Amino acid sequence: MAAPPGYLLLLFSLACLVPSSCSRTLVLPLARDPSTLRYVTTVYRGPSLDPVPLAVDLGGPSLWLDCSASGPSSSPAVRRVPCRSIQCLAATSDASGLRRACPGGASSVCGVRSGGGEAGVLAEGAVAVDSVDGSGERSVAAVDRFLISCARAAAAGFAATGVRGTLGLGRSRISLPSQVATAFAFRRRFFACLSATEGIIVAGDGPFFSHLSADVSKSLTYTPLVTPNSPRASDYVINLTSIKIDGERLPLNSSSPLHSVKLSTEIPYTAVASPIYSAFAEAFAGAASAMGMARVPPVAPFRVCFDPRTIGTTAAGPDVPAIDLVLQSEMVKWRIGGWNSMVRVSDEATCLGVVDGGDRPGSSVVLGGHQLEDVLLELDFGGSRLGFGPPLSTMQLSCSDFRSGFNSMASSSL
Ligand SMILES: *[C@@H]1O[C@H](CO)[C@@H](O)[C@H](O)[C@H]1NC(C)=O
Ligand SMILES: *[C@@H]1O[C@H](CO)[C@@H](O)[C@H](O)[C@H]1NC(C)=O
């Protein structure tokens, strides 16, 4: 039975007299795809809310979607926006977003290009995300005129997975967190908890942590976000001043200066730039040997591997030398240890899960998925700062515990 719209409006405003039910939290449940090791989430598109699986790109500027692929039901195509439009200007006006490419002149469609090399056509259409209100009531929150970058190549590399594109969560005006913050007047920030099994991203009013046994928000350390030295200005990048292994500063000279750390969900393992990697691997192997860990032949893509039987264990995983990324001061460190450091490759080899990143310019260290898992992150793009917690395991928690407070509609379908 359809209720008249006025009736619904009344119900909604009455419900809002109870403040908790007015608050809204958007929820993106994450699952790690085993073949690509990418974190996949689901948004909904069109009036029939067709689920669209997307690979999360933490620093990506936009939602890149293969708009030509048809969904489970035939939803109407998104509407392309012209080059001469407010939307085209908005999407390409800030330095951290996309660049406009309108070869057909101002009356053509709005072509867009990212610093990362993706190219497509700007379109708008309804995009919805799971949401939960303060009383636990689930629904979807829709942005009717969400700006999407349509690109046939958006799903390339995800062939067998059903993934239809990538969901950019970066520091641009048309990333998903930015568009939903504008649409719902949220604070411009979100929390991410990546996991091999049950990760989650949440944005909105909260409460975010009331269901957890420890107030994890109090354990966050903050560091300023800086303008990337990389092609993608939408990336989340922080300054790096030194690296310590078991408290010992890596001996680096001026020919291999350290400058920044980028956070990435595009790579499964942290990559350290070549000139620094050799010193890094050597220092780690030396400290490990002092702890009685026995080297075994490397297993690609890793270079530094050990006999698992010679590695002790702690509540936070393997007992291995601590890696500290020293940020804006000696007091501010991002510590990598335990499960975040090591990858069990076989019964014969457990390897340091950090790879040689090659000579590409950009960040000295790109923190990849394995090192970001089960660490609570606050991506505060409005406040230009990043909050990061200690591994949740040190508080006897995991991302699954965090996610359990936001049982959303998509949780069961992922
Ligand atoms: C980051 O490092 C650069 C280069 O050393 C410096 O100019 C900049 O002020 C630093 N930014 C912050 C926020 O500390
Ligand atoms: C600086 O470090 C590089 C690589 O670690 C090394 O090849 C070079 O000899 C070092 N230079 C000096 C002056 O120590």
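Keep in mind that the numbers below use all heavy atoms, side chains included, and drop hydrogens, waters and symmetry copies. Note that the coordinates shown come from a computational prediction; the quantities given were computed from them, not determined experimentally. Here, residue 1 is the first one in the sequence, and each next residue gets the next number. In each ligand, atom 1 is the first atom listed, and ligand 1 is the first ligand listed.
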Within the distance-only criterion (no hydrogens, no angle test), does the side chain of Thr92 pair as donor or acceptor with the backbone N or O of Arg99 below 3.5 angstrom?
no

Where ligand 1 meets Pro224 - atom numbers and elements under 4.0 angstrom, heavy-atom basis
13 (C)

Polar contact flag, side-chain donor to acceptor under 3.5 angstrom, Asp33-Thr36:
yes

Could you check whether atom 9 (O) of ligand 1 has a protein contact, counting only heavy atoms that fall below 4.0 angstrom?
no

At less than 4.0 angstrom from any non-hydrogen atom of Asn239, what atoms of ligand 1 do you find?
1 (C), 2 (O), 3 (C), 8 (C), 10 (C), 11 (N), 12 (C), 14 (O)

Counting only non-hydrogen atoms of the protein, does one fall under 4.0 Å from atom 12 (C) of ligand 1?
yes

For atom 5 (O) of ligand 1, decide whether some protein heavy-atom distance is shorter than 4.0 Å.
no

For a quick check under 3.5 Å, do Ser178 and Arg188 share a side-chain donor-acceptor pair by atom type?
yes

From the options Cys88, Cys110, Cys83, select the one residue that forms a disulfide (SG to SG under 2.5 Å) with Cys102.
Cys83

Close aromatic pair by centroid cut-off 6.0 Å: Phe191 and Phe402
no

